[in-house]
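In what follows, chains carry the letters A, B, and so on, assigned in the order in which the sequence lines appear, proteins first and then strands, with residues in each chain numbered from 1.
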Amino acid sequence: MSVVLESRNLSKRFFLRHNPASELKVRLLSLFDPSRRQRVEEFWALTSVSLNIRQGESVGLIGRNGSGKSTFLKVIAGIHRPTTGKLLVARGVRIGSMIELGTGFHPELTGQENVMLNASIHGLSRVEALDIYAQVVSYSGLQHFMDVPIKNYSSGMHVRLGFAIAATLDPDVLLLDEIFAVGDEDFQKQCVSTIKAFEAKGKTIVFVSHSPTAIQAICDRACLLDRGRLLYDGTVDGGLTEYRRLTSASPHDVLGPVATAAPVAPGTSEDAELAWHRLASGGLWVEEGAWVFDFLQRQGLRPDHYVLDVGCGSLSAASRLLKFMEQYHYWGFEKSIELYIAGAHIELPRAGLRAELGHFIVNDDFDLSEARHPFDVAIASSLLRRLSLNSITRMMASVIRALTPDGRFYVTWAENPDSLAFDRIVRPDGTATYSDREPFHYSFAMLSAIVEAIGGHAERLDDSTHPRGEAVMVITRRKGA
Amino acid sequence: MVDRAGDPPSMRRTLAGLRQYRHLLRNLVLKDLKLKYRGSVIGFLWSLANPLVMCVVYVVAFTKILRAGAEGYVFYVMLGLQAWTFFSSSAAMSTGAIVDNAGLVKSVSFPRAILPTATVLFNLAQYILTVLVFLPLLLLYYRVPLAAPMLLFPVFVGLQSLFTIGVALILATSTAFFRDVRHLVEVALAVLFWTTPIVYQVAGVSPRLRSLILMSPMSPYIGAYQDIFYYRQWPDATLWLTAVGYAAVTLVLGLWLIVRNEDSFAERI
């Protein structure tokens with residue numbers, strides 16, 4: 001099928017205006033007092049979004065609030081103009097810009113008058129509007145209410161009429177934003193069947209919703225946006241999984257529960273597996289910790305070694321290692337303070353441990369200068385998939401410098417078997433990795449070259465036990481380097 | 001494939017859009033007319049009451065209190081007052097034409113110039129309706145003989161409408177960026193009212209101020225109505241020139257302004 005919409009490196013910038021200069025007062029006062037001046041903050045609602053939508057596809061746009069979904073829809077609808085990049089539309093394709101159902105309805109006008117007005121808002125002539133009127137009425141099922149002012153409609157009836165117009169306008173591409181927020185079950189079924197009929201006619205649908213059920217019912221493809229970036233583009237199930245991972249990993253939504261969950265007694269509960277800090281690393285919290293512990297033991301870890309756990313996250317490995325190692329011999333490093341706090345306040349007490357048994361370093365730039373002792377063993381498990389090559393270089397250089405001369409640094413990574421392949425790779429666990437965006441995959445040759453460049457030596461280990469199926473290498477200091 | 005943003009905003013695009021969306025324009029005007037009179041008992045009569053009451057006030061003030069009114073003063077005042085009401089309510093309403101329709105502007109794409117234009121046409125419709133009621137009555141009451149210059153009436157209503165649309169486009173656009181415009185317009189309208197010969201005659205103005213009064217933006221249009229109905233004479237060349245000139249300049253300026261900013265309304269309001 002041919003491409004009907006193409007978004008090419010599309011970015012959209014908005015300006016957030018503090019002290020908006022649309023008030024003359026602000027302009028005048030700013031002449032005398034610079035602090036009163038309008039401050040304009042750039043806000044990129046979309047950054048380099050590239051995707052193609054083919055005819056007949058039903059694409060679900062998912063993402064958290066403020067992720068850029070609606071902005072993207074509005075760029076397609078021609079309401080916003082891209083700041084950079086392009087949005088291309090196939091010649092002759094009519095786009096139905098039903099961003100919100102029932103916009104332009106006036107409460108004092110009757111249903112009939114509103115249908116006629118709304119039709120003309122969407123560019124229909126009087127004759128065309130009269131043509132579709134009967135269809136709109138029968139579709140909406142509001143025959144007895146057409147001469148009643150819309151202000152007397154329930155919110156469900158309101159949407160019903162709006163959707164009836166959207167469905168009857170019969171565009172080639174239908175843009176829908178959160179249409180299932182209101183309306184009863186019957187209406188929702190009707191919507192779904194109309195959209196299905198639309199799909200059957202080979203029409204294209206771009207659909208924004210927070211409802212996984214709706215996305216599953218309607219879409220055959222999901223695109224996940226986060227902070228204006230396209231994080232995932234693929235199957236509906238894959239997209240929804242990534243979306244759940246994202247929402248549960250967001251510290252903003254769940255910092256509250258961290259505090260309230262703190263006194264949780266040691267022991268297990270089924271909910272524990274679903275806590276955000278456990279999901280933040282992509283689930284597999286228990287498996288991950290168990291693997292790190294078993295693996296290091298197999299590699300000959302002794303309690304009197306000094307061990308560094310890079311990207312210790314919410315302390316999945318720490319809750320085992322702290323028990324095994326001598327006091328103060330475990331060092332954890334983590335970038336995210338929220339994850340560390342969740343680990344220290346929820347997971348360690350649950351395991352009957354205290355953070356004081358080891359040392360923890362939390363900072364943004366892999367600064368390990370606080371470490372008072374060189375490390376015999378270091379490990380970074382499932383960390384590289386979240387780091388770009390630059391960050392990896394910095395992290396590795398920092399860790400190699402902190403090793404004893406015979407120290408061993410174990411690293412797992414999502415492997416790209418071919419340095420020259422840049423396609424996404426679907427992992428056995430269903431997640432996908434990319435060469436140029438999170439979660440990342442890399443080839444061994446590439447990583448090994450970096451390690452060489454910063455004074456280390458990398459060797460691949462034959463180990464296929466990692467819970468995420470990541471490959472393992474060991475890095476040592478190059479003699480004389 | 002066609003670049004969605006490849007057709008940059010231009011006068012040509014806007015004018016083509018206005019043509020394509022003429023049904024929307026018509027429906028918006030009809031909507032406002034319906035809404036204005038729906039639910040009120042005497043409906044359209046309210047539109048007649050406003051100029052009538054204002055006229056009584058000015059007649060009392062000028063003929064009874066100041067003792068300055070000329071012959072047929074009521075006729076004279078009514079001519080100017082109705083045309084003025086058309087202009088001033090258009091200007092005042094147009095400031096909200098875009099900002100008050102934020103919901104629509106943010107979710108549907110259509111030529112934004114439609115909104116202020118609809119406001120002006122709505123007021124024009126009311127003006128024409130009141131004129132149709134009052135003008136024949138006044139002509140009969142004052143036994144004004146019909147004269148050839150009266151044929152020019154539609155021409156000047158047209159010119160005044162174009163001028164008013166220009167002003168409305170400017171005001172609607174600038175209100176989206178400066179909310180103070182609303183308040184400024186109220187003040188400016190008060191000043192403009194008294195610098196336009198509506199309740200007084202140009203002949204009574206001191207010669208030094210006379211040319212200033214004649215250059216006032218609304219003077220050529222109101223002056224024209226008085227010329228053709230009250231004085232029953234052909235408007236002079238200066239009046240023609242200013243009437244056409246003002247309309248052309250504001251219309252071009254207004255279109256240019258709204259076309260230039262059309263794409264940023266959805267972000268600014």
Exercise. Which atom names give the shortest non-hydrogen contact between A:Leu117 and B:Lys31, and what distance separates them?
Worked result: CD2-CD, 3.6 Å

For this session: Name all pairs fulfilling the salt bridge (charged side-chain N to carboxylate O under 4.0 Å, His left out) condition that reach into residues 84-96 of chain A, sequence neighbours left out, sorted by first residue then second.
Result: none

For this session: Please determine if B:Glu267 and A:Lys12 form a salt bridge, counting it only when a charged side-chain N lies under 4.0 Å from a carboxylate O.
Result: yes

Problem set entry | Between NE2 on residue A:His122 and CG on residue B:Leu24, distance to nearest 0.5 Å | 10.0 Å

Seminar exercise, completed: When the 4.5 angstrom heavy-atom criterion is applied to B:Leu28 and chain A, the contacting part is both

Exercise. B:Arg22 versus chain A, heavy atoms under 4.5 Å apart: side chain, backbone, both or neither?
Worked result: neither

Seminar exercise, completed: residues 105-115 of chain A vs chain B, non-hydrogen distance cutoff under 4.5 Å, contacting residues -> A:His106, A:Glu108, A:Leu109, A:Thr110, A:Glu113

Exercise. Looking only at heavy atoms, what is the nearest atom pair of A:Ile79 and B:Ala266, with distance?
Worked result: CG2-CB, 3.7 Å

For this session: Tell me, out of A:Ala119, A:Ala129, A:Gly123, who's got the most heavy-atom pairs with chain B below 4.5 Å.
Result: A:Gly123

Exercise. Rounded to the nearest 0.5 Å, how far does OG of A:Ser70 lie from NZ of B:Lys106?
Worked result: 12.0 Å

For this session: Would you give the length of the straight line joining atom CZ of B:Arg268 to atom CZ of A:Phe14, rounded to the nearest 0.5 angstrom?
Result: 12.5 Å

For this session: Could you check if a side-chain atom of B:His23 sits within less than 4.5 angstrom of a side-chain atom of A:Glu128, using non-hydrogen atoms only?
Result: no

Exercise. Just how far is it from atom OG of A:Ser120 to atom CD1 of B:Ile114, taken to the nearest 0.5 Å?
Worked result: 9.0 Å

For this session: Against chain B, label A:Val93 side chain, backbone, both or neither, depending on which of its atoms sit under 4.5 Å from a heavy atom there.
Result: neither

For this session: Might you point out which heavy atoms bring B:Ser109 and A:Gly78 nearest each other, and give the distance in Å?
Result: CB-O, 3.8 Å

For this session: Side chain from CB out, backbone as N, CA, C, O: work out which of these in B:Val105 comes under 4.5 Å of a heavy atom of chain A, or both, or neither.
Result: backbone

Exercise. So which of B:Leu104, B:Val181, B:Leu35 has the largest heavy-atom pair count under 4.5 angstrom toward chain A?
Worked result: B:Leu35

For this session: Look at atom CZ of A:Arg13 and say whether more than 12 heavy atoms of other residues, nucleotides or ligands are closer to it than 6.0 Å.
Result: yes

